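A quick note: this is a predicted structure, and the numbers were derived from the prediction, not measured.
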Amino acid sequence: MDPTPLQEIPLPLLVRLAREHFADDTDVKIDPDISRSVLRNVHAAHAIHVAPADPIALVYDGTLFGGGDLGFIATPTRFCWRTSLAHPRTLAWEELAGLPIEPNASRVAVGAGHIEGPWFSSTARRLAGFLRACAGQVDTGVPSYRRPARTVQPATFADVVRQIARRTLGEHAWVHYAPSIPPRMERNVRIVHARRLAGDDRLLVVYDNTVFGSASDGFVLTERALHLRNFWGAAVAFAWPDLEPDISITDSGFLALEARPPRTTKVTLDVRTHPELIRDVASALSEIARAARGACARADTETILGARR
């Protein structure tokens, strides 16, 4: 299923907000004062979630020689950032709406996670203010620079899954959200879970539980199901309506997962690599499972109703 169209902040308004918050930051270049070479590098660095035709309102250049491929950028639909040796990441403006956004030294705390990069605490303070201002714009009904303001439609269940996961788990280097899941990880995930993951199942969240970033172990969330594999274990899948929402945490640092009858299945999910997130993971999976059962009870989500296959 195609993702729901994103709300947009008109480019002139985005530029005005950028000038208000970064007027005295010489490392930030604002449209139209961004060089073509930097724009080319920025689009290449963020090609996974920024289209070649997407306008760039600002660029914070975190490189030594002015390349622009490290740092952060803003487009009418999203905020993107990239640090050295890390995959590019992004948040849509509407995903920021309602989340607490605060500077924390050189990082910016966003909800349950944080945004970090090659910048100083002074830039982090300005960035936090800019993000708060942008997040406050997405629900104002301001017409888009491309099309009139859209009427907000009920979210698809894919939106529900991703929103719950992002709000609950937050921003961490080992948690990846569509559309910024690295292609190599997606290829590995589809190989590992080939028996139960259909070709049209869009990966929404990948929790990488490996040392070298292959994502062959960990768990994957799609609109239809939770897919998981522990180290050297077998790949397992739970359709969301089948997953029991009462998830317990074992003394050894596993999550005990169970499918409701008639397909009773019991497995454990290993999250010992990042034990500080075990309660957040349990909360996310439980909330999604309850939402799926609610959708089935209302019979208003064809994808969920057809998930058991």
Side-chain angles (χ1 to χ4, degrees), residues 2-3 5-6 8-12 14-15 17-18 22 25-96 106-108 110 113-120 123-124 126-127 130-131 134 144-146 162 166 171-190 202-206 208 212-215:
D2 293 334
L6 298 175
E8 299 176 353
I9 300 174
L11 184 61
L14 195 58
V15 168
L17 294 174
F22 296 105
D25 195 324
T26 58
D27 291 322
V28 175
K29 304 302 180 184
I30 302 171
D31 181 70
D33 300 321
I34 307 172
S35 70
R36 292 184 178 180
S37 61
V38 167
L39 286 175
R40 284 195 298 270
N41 291 342
V42 162
H43 276 106
H46 294 279
I48 193 170
H49 42 237
V50 176
D54 287 349
I56 307 297
L58 69 83
V59 175
Y60 174 89
D61 186 4
T63 65
L64 292 176
F65 303 106
D69 54 329
L70 300 179
F72 60 78
I73 68 172
T75 80
T77 57
R78 59 181 67 252
F79 173 77
C80 314
W81 70 101
R82 182 171 178 258
T83 60
S84 180
L85 303 178
H87 300 288
R89 304 179 71 87
T90 187
L91 273 159
W93 296 123
E94 58 199 70
E95 290 177 316
L96 280 168
S106 62
R107 306 190 302 181
V108 176
V110 177
H114 57 264
I115 296 169
E116 60 181 328
W119 49 75
F120 297 106
T123 298
R126 297 185 183 98
L127 176 58
F130 173 70
L131 294 179
C134 291
S144 164
Y145 77 106
R146 288 181 180 169
R162 188 168 53 189
R166 193 145 216 172
E171 301 303 317
H172 300 278
W174 54 90
V175 184
H176 302 270
Y177 304 93
S180 301
I181 297 170
R184 181 174 68 92
M185 285 189 180
E186 175 150 357
R187 287 193 297 270
N188 291 341
V189 164
R190 291 193 178 279
R202 184 167 181 251
L203 307 189
L204 303 176
V205 182
V206 173
D208 179 19
F212 299 108
S214 69

Item to check | Gap separating the CG atom of Leu11 from the CD1 atom of Ile56, nearest 0.5 angstrom | outcome: 9.5 Å

Next on the checklist: Apply side chain to side chain contact (heavy atoms under 4.5 Å, CB included) to residues Leu127 and Trp119 and explain how you reach the verdict.
Outcome noted: CA-CA 10 Å; Leu127 176 58; Trp119 49 75; 4.1 Å; yes

Item to check | Student check: side-chain heavy atoms of Leu203 and Arg190 closer than 4.5 Å | outcome: yes

Item to check | Thr75 side chain to Pro55 backbone, donor-acceptor under 3.5 Å | outcome: no

Checklist entry - Under 3.5 Å, side chain of Asn188 to main-chain N/O of Ser214, donor-acceptor pair present? => result yes

Item to check | Minimum side-chain heavy-atom gap Glu171-Arg107 below 4.5 Å | outcome: no

Item to check | Point-to-point distance, once rounded to the nearest 0.5 Å, from CG of Leu204 to NE2 of His176 | outcome: 14.5 Å

Checklist entry - Going by atom types alone, do Thr77 and Asp54 pair a side-chain donor with an acceptor below 3.5 Å? => result no

Checklist outcome for this item: Nearest heavy-atom approach of Pro88 to Ile48 is CG-CG2, 4.2 Å

Checklist entry - Is the backbone N or O of Asp69 less than 3.5 Å from a side-chain atom of Arg82, with the two atoms forming a donor-acceptor pair by type? => result yes

Checklist entry - With side chains defined as the heavy atoms from C-beta onward, is the minimum distance between Ile115 and Leu131 less than 4.5 Å? => result yes

Checklist entry - Looking only at heavy atoms, what is the nearest atom pair of Leu91 and Arg166, with distance? => result CD2-NE, 3.2 Å

Checklist entry - Going by the angle between their ring planes, with limits at 30° and 60°, are Phe22 and Phe72 parallel, tilted or perpendicular? => result tilted

Checklist entry - Is a side-chain donor or acceptor of Arg78 paired with a backbone partner of Val50 at a separation under 3.5 angstrom? => result no

Checklist entry - How far apart are the closest heavy atoms of Cys134 and Ile9, and which atoms are they? => result O-CD1, 3.5 Å

Item to check | side-chain hydrogen bond (donor to acceptor under 3.5 Å, both in side chains) involving His43 - partner list, sequence neighbours excluded | outcome: none

Checklist entry - Are any side-chain N or O atoms of Asp208 and backbone N or O atoms of Ala215, one a donor and one an acceptor, separated by less than 3.5 Å? => result yes

Checklist entry - Between CD1 of Ile73 and CH2 of Trp81, what distance do you get to the nearest 0.5 Å? => result 11.5 Å

Checklist entry - Do you know which two heavy atoms are closest between Phe130 and Leu58, and how far apart they sit? => result CZ-CD2, 3.5 Å

Checklist entry - Are any non-hydrogen side-chain atoms of Tyr60 and Arg126 less than 4.5 angstrom apart? => result no

Checklist entry - Has the side chain of Arg162 got a donor or acceptor atom that lies under 3.5 Å from a matching backbone atom of Tyr177? => result no

Checklist entry - What is the minimum heavy-atom distance between Gly213 and Met185, and which atoms define it? => result O-CE, 3.4 Å

Checklist entry - Side chains of Asn41 and Thr63: does their closest heavy-atom pair fall under 4.5 Å? => result no

Item to check | Heavy-atom closest contact (Pro76 atom, Trp93 atom, distance) | outcome: O-CD1, 3.3 Å

Next on the checklist: Can you tell me how the ring of His114 sits relative to the ring of His172, calling it parallel under 30°, perpendicular over 60° and tilted otherwise?
Outcome noted: perpendicular

Checklist entry - With side chains defined as the heavy atoms from C-beta onward, is the minimum distance between Val206 and Trp174 less than 4.5 Å? => result no

Checklist outcome for this item: Of His49, His87, His46, the one forming a side-chain hydrogen bond (donor to acceptor under 3.5 Å, both in side chains) with Ser180 is His49

